[in-house]
Amino acid sequence: VSLRCLIVDDNAEFLASASRLLDSQGLQIVGCASSGAEAIVLAETLQPDVVLVDIQLGDEDGFELTRRLTASARSARVVLISTRSEDELAELIADSQAVGFLAKTALSAAAIGALVR
Amino acid sequence: MSKSEQARRTTEARSDAYLRAALDCVVMADASGRVVEFNPAAERTFGYTREEALGRTLAELIVPPWLRERHNRAFARFVETREERLFGRRLELTGMRADGREFPVELALSRVEGEPLLICGALRDISEARRADDDLRRLADEQAALHRVATLVAGNAPAEDLFAAVAEEAALILDVPYTLVHRFELDATSTLIGARGHLPMNLGDRFPLDAPSVMASVQHTGRPARINDYTEIPGPLAALARKAGIRSAVGVPVIVNDRTWGAIVAADTETAPLPDSTEGRLAGFTELVATAIANTQARDEIRRLANQQAALRRVATLVANQAPPEELFAAVAEEVAQVTGIPLVDISRYEPDTSTTVVGAWGDHPFSVGTRWQHEAGTLSALVLQTRRPARIHDYAEISGAIAAAAQERGGGTAVGVPILVSGIVWGVVAAGWTDRERLPEDTELRLAEFTELVATAISNTQARDDLRELASEQAALRRVATLVARRARPAEVFAAVTEEVGKLLEAEVTQLYRYEDAYESVRYVASWTRSGVSLAFPARLTLEGRNLSAMIRDTGLPARIDDYSQAVGSVGDQLVRPLGIRAGIGCPVIVDGVLWGTMAVATFQPEPFPPGAEARLAAFTELVATAMSNADTHSALMASRARIVTAGDEARRRIERDLHDGTQQRLVSLGLELQSVKAQIPGELRQVHTELGRVEQVLEGVLDDVREISRGLHPAILSQAGLAPALKTLARRSAVPVEIEVDVEGRLPESIEVAAYYVVSEALANAAKHAHASVVYVSVTVSGAWLHATVRDDGVGGAAATDGSGLVGLEDRVEALGGRFTLESPPGEGTKIAIELPLAGATDYLETVRLS
């Protein structure tokens, strides 16, 4: 059974290319959100297995969104993603409720699967 | 008649005539000693008539009983032996008159030729001659005695020796058991200063002259006096005389310079009064004593003058050596007292109000140095101040008030005061006082005046010196403040310094700096200094209604003074003057760039106002305040622009970083993902294409890494992402040297503050790792009040410097641009400590805060 995945990023170009790639790699991309509010709604509606959250979501804070997503009744597993390296934000990532972090350049279904399982 | 008969008759007649005419007594006696001839002279001398005498023996007739036996023996021997040894010689014997009185006689004996034996004696009463002799001898004795006394006088013998000698000599000359030398005192007493004989009194005893006595009479009349019989005389002195067995006494005045100085008294225990000559003979001694005393007084005068000259010289030396005023005043008071013999001397200074302060005192003085009292009408200080001339007080009982009361408590007395005139101003008064009502010596004023002139000289010297010293300290104070201003110290620092310097310089208790606001209707507290060091509850804002310095300065634009705040009204009076206890003050405008900005004022809790000219001295400092403010304006503009540059730079970097992240980086990332998708769609057999795509992917990775590095260098993502605390923790984690970090920062801070703090810690950690070879670094970042404090301390080799080429220079610039402080301590071998303080409000805001606060 393929993982149902929601991608949250304020960059439309990234959403498109990431969806296509992960879809091609066997993930089921159930939705894409470009803001925190949208993400909350979609997550509630679509009940994805995993939510990919961009840490720097425009003016919003990916960590804050992570807290809100994981605080909901049916907790989604969040994987934080960023163009920055993990090293730059390690403390924040460690302190967050996310199951892990992926550099956007290292994005792949396998990596996500490894983090979620 | 025969010729011989005639001749005999003639002889008899001649002899008879001679006997009748002879001045000497001629007495003839026969061998039995009976008188056979007794001439008229003998009748006169011995008091017997010829008829009475004839037939009686010489012995019973003219020889005193106590000599008769000797006479009879001698006469009998002569009759028997006819020895003529005694004839022809002048003999001196004692004769006796009919009334039994004895008297000295001169006797020459001869024998009448033939028989029966007849002895003729010629006698002469030599009482007169003897008396003249005695008188001569006595005169000689007296002269010798007087000569001895005169020698003592000429030799300037000590007074007590002289008086003792006078008493002794007079007693011997007058043949009396007692003589006394008395000195009359000004209080109607007399002091025994010389005596001879065992008297029931001692030298130095004082006797009141209110009872009848020789001394009292002499003192009263200035003439000789006598008491011939003490038995009936009343009073203690007469009783004392009786106790000594004295029956009569004579006193003669000692007149010195027309004044009855004293008396010499001769007293006798005999019943008979002292002879009339006693007065005259004592007078010889009194004259000598008077001369001696006059000499002594003259000598004393000379010594006194010499002493005074010496005293003046000593004081003058103190003046010339610029001795401290208190030392000088003490010396003057002492010298005046010593030289004049005045028991109480004080020097007082007139204060600007109606009081006087004692600055020097000598003697058992009721007012010690530092005592301050109000002028009271009629007192010396009031009189001297009024008249600018010397003044006298003859009786303190005639004056009312505390001073007079204090004087009376000490027995009243008299006093003289002489003004100390400095540059035409009555600066003070030198006062001399006596505790009893002794007459004031006439020349006291003159003698005091010589000292007051020296004091005046000293004071004007001192004032000149004080002026110089004040000028010097003022210059130094101005220099210190000016240095701060030139160094562009923070205005708060300048204000603190200037208020302190001004306060100390003007001997104020409080200095305050206020800034006008509210269209000059009120002032706002800016800075202050207090002498006590205790910060007072200065109101933050004062409205300027009523009479106050700030209002006066606002209205005139000129310095202002209030010498007496007791009538102060309005908020200044209610909130500042009365609560703080301010009595007087002066203020000056602070004009910044031509605009009245505020006021600087000094105030005192003392009743004395500030001296004239204090405003000018204050003004010199307000100009520095103005310069500091003006500088601060320029400075703050500069600081603001520097801060803006830094902040703008930071913003630009963050924006670029963001743009890179959101744009370039994202697109490159997307491109990479696209590439992966494309790669996945290419059939596996097209290995060549796969390889090519893989190479493109790697290039893309490289580009992304580069961009990420650039991005990271532009701005630390975590700082904008999460703030200072996480960012610093990240730094600590990534540090090559172990870090112990303590961060106490709540929430987010202004970006430039966060960035500056972040870079300081970052650079310090890099230094610790790269240069200091430290084994541990302690980082502390805290926010307290309006300030962020950051400290980075390592245990490395030290020796770091914020020199060109060091990353620290940029940090220092950055911190100072933000209005903060950067300090670097890095002694070789003792590690490095970097500390910064940053105003959270930002540099521009901070300066504005200072100007308004």
Side-chain angles (χ1 to χ4, degrees), chain A residues 5 7-27 29 32 34 52-67 80-96 101-112, chain B residues 654-655 657-682 697-735 741 743 748:
Chain A
C5 185
I7 307 175
V8 187
D9 199 305
D10 60 330
N11 189 297
E13 198 176 341
F14 173 79
L15 285 176
S17 50
S19 299
R20 198 173 337 141
L21 177 66
L22 294 175
D23 186 69
S24 72
Q25 289 178 348
L27 284 186
I29 306 301
C32 288
S34 58
L52 302 182
V53 174
D54 184 15
I55 287 175
Q56 205 158 1
L57 197 60
D59 289 334
E60 293 181 65
D61 182 2
F63 294 108
E64 177 57 29
L65 179 59
T66 303
R67 262 191 296 282
L80 291 164
I81 55 172
S82 176
T83 52
R84 306 184 200 280
S85 67
E86 182 176 5
D87 184 54
E88 282 184 69
L89 304 160
E91 281 73 19
L92 299 174
I93 293 163
D95 287 350
S96 73
F101 172 85
L102 273 180
K104 284 182 179 173
T105 48
L107 200 65
S108 71
I112 292 167
Chain B
R654 186 171 53 81
R655 197 176 61 246
E657 195 270 347
R658 184 74 180 265
D659 288 351
L660 270 179
H661 171 264
D662 291 351
T664 312
Q665 267 179 301
Q666 289 283 15
R667 297 192 70 177
L668 286 172
V669 164
S670 297
L671 195 58
L673 296 181
E674 293 289 342
L675 203 56
Q676 280 187 48
S677 300
V678 169
K679 217 168 84 179
Q681 288 165 18
I682 293 169
E697 223 176 345
Q698 277 175 7
V699 170
L700 191 60
E701 281 285 328
V703 171
L704 260 173
D705 283 347
D706 287 351
V707 172
R708 197 181 288 123
E709 273 311 300
I710 291 166
S711 169
R712 185 186 278 179
L714 280 169
H715 188 84
I718 190 163
L719 201 54
S720 44
Q721 182 71 39
L724 190 55
L728 291 174
K729 281 172 185 159
T730 303
L731 276 179
R733 175 177 50 80
R734 292 213 308 231
S735 168
I741 188 164
V743 181
R748 299 300 298 265

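Here is how names work: the chains are called A, B, and so on, in the same order as the sequence lines, proteins then strands, and each is numbered from 1.
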Interface moiety of D54(A) toward chain B, non-hydrogen atoms closer than 4.5 Å
side chain
Please list every donor-acceptor pair under 3.5 Å in which a side-chain atom of residues 722-730 of chain B meets a protein atom from a residue at least two apart or in another chain.
unit_1: T730(B); atom_1: OG1; unit_2: E91(A); atom_2: OE1; d: 3.0
unit_1: T730(B); atom_1: OG1; unit_2: P726(B); atom_2: O; d: 2.8

Residue-level contacts of residues 657-664 of chain B with chain A, using a heavy-atom cutoff under 4.5 Å
E657(B), R658(B), H661(B), D662(B)
Value rounded to 0.5 Å, distance of CG in L52(A) from OG in S19(A)
9.0 Å
With respect to chain B, which residue among D61(A), T83(A), L89(A) yields the maximal number of heavy-atom pairs within a distance under 4.5 Å?
T83(A)
Specify the closest pair of heavy atoms between F101(A) and I81(A), including all atoms of both residues, with the distance to one decimal.
CE1-C, 4.1 Å
With a 4.5 angstrom heavy-atom cut-off, which part of I718(B) approaches chain A: side chain, backbone, both or neither?
both
Less than 4.0 angstrom from a charged side-chain N to a carboxylate O is my criterion; do D23(A) and R20(A) meet it?
no
Heavy-atom proximity to chain B below 4.5 Å, by part of N11(A)
side chain
Taking only residues two or more places apart in sequence, or in another chain, which ones meet S85(A) in a side chain to side chain donor-acceptor pair (under 3.5 Å)?
R712(B)
Chain B contact via I55(A) - side chain, backbone, both or neither, heavy atoms under 4.5 Å:
both
Side chains of Q666(B) and K104(A) only: does a donor on one sit below 3.5 Å from an acceptor on the other?
yes
Output the option from Q721(B), Q665(B), Q676(B), E697(B) having the highest count of non-hydrogen pairs under 4.5 Å with chain A.
Q721(B)
Does any non-hydrogen side-chain atom of S108(A) lie less than 4.5 Å from one of Q25(A)?
yes
Toward chain B, the part of L107(A) with a non-hydrogen atom under 4.5 Å:
both
Taking L700(B), L668(B), V669(B) one by one, which has the highest count of heavy-atom pairs under 4.5 Å against chain A?
V669(B)
Answer yes or no: is there an ion pair linking D95(A) with R67(A), defined by an N-O contact shorter than 4.0 Å?
no
Salt bridge (charged side-chain N to carboxylate O under 4.0 Å, His left out) with E86(A): which residues, sequence neighbours excluded?
none
Do side-chain atoms of S711(B) reach the backbone of V707(B) as a donor and acceptor pair under 3.5 angstrom?
no
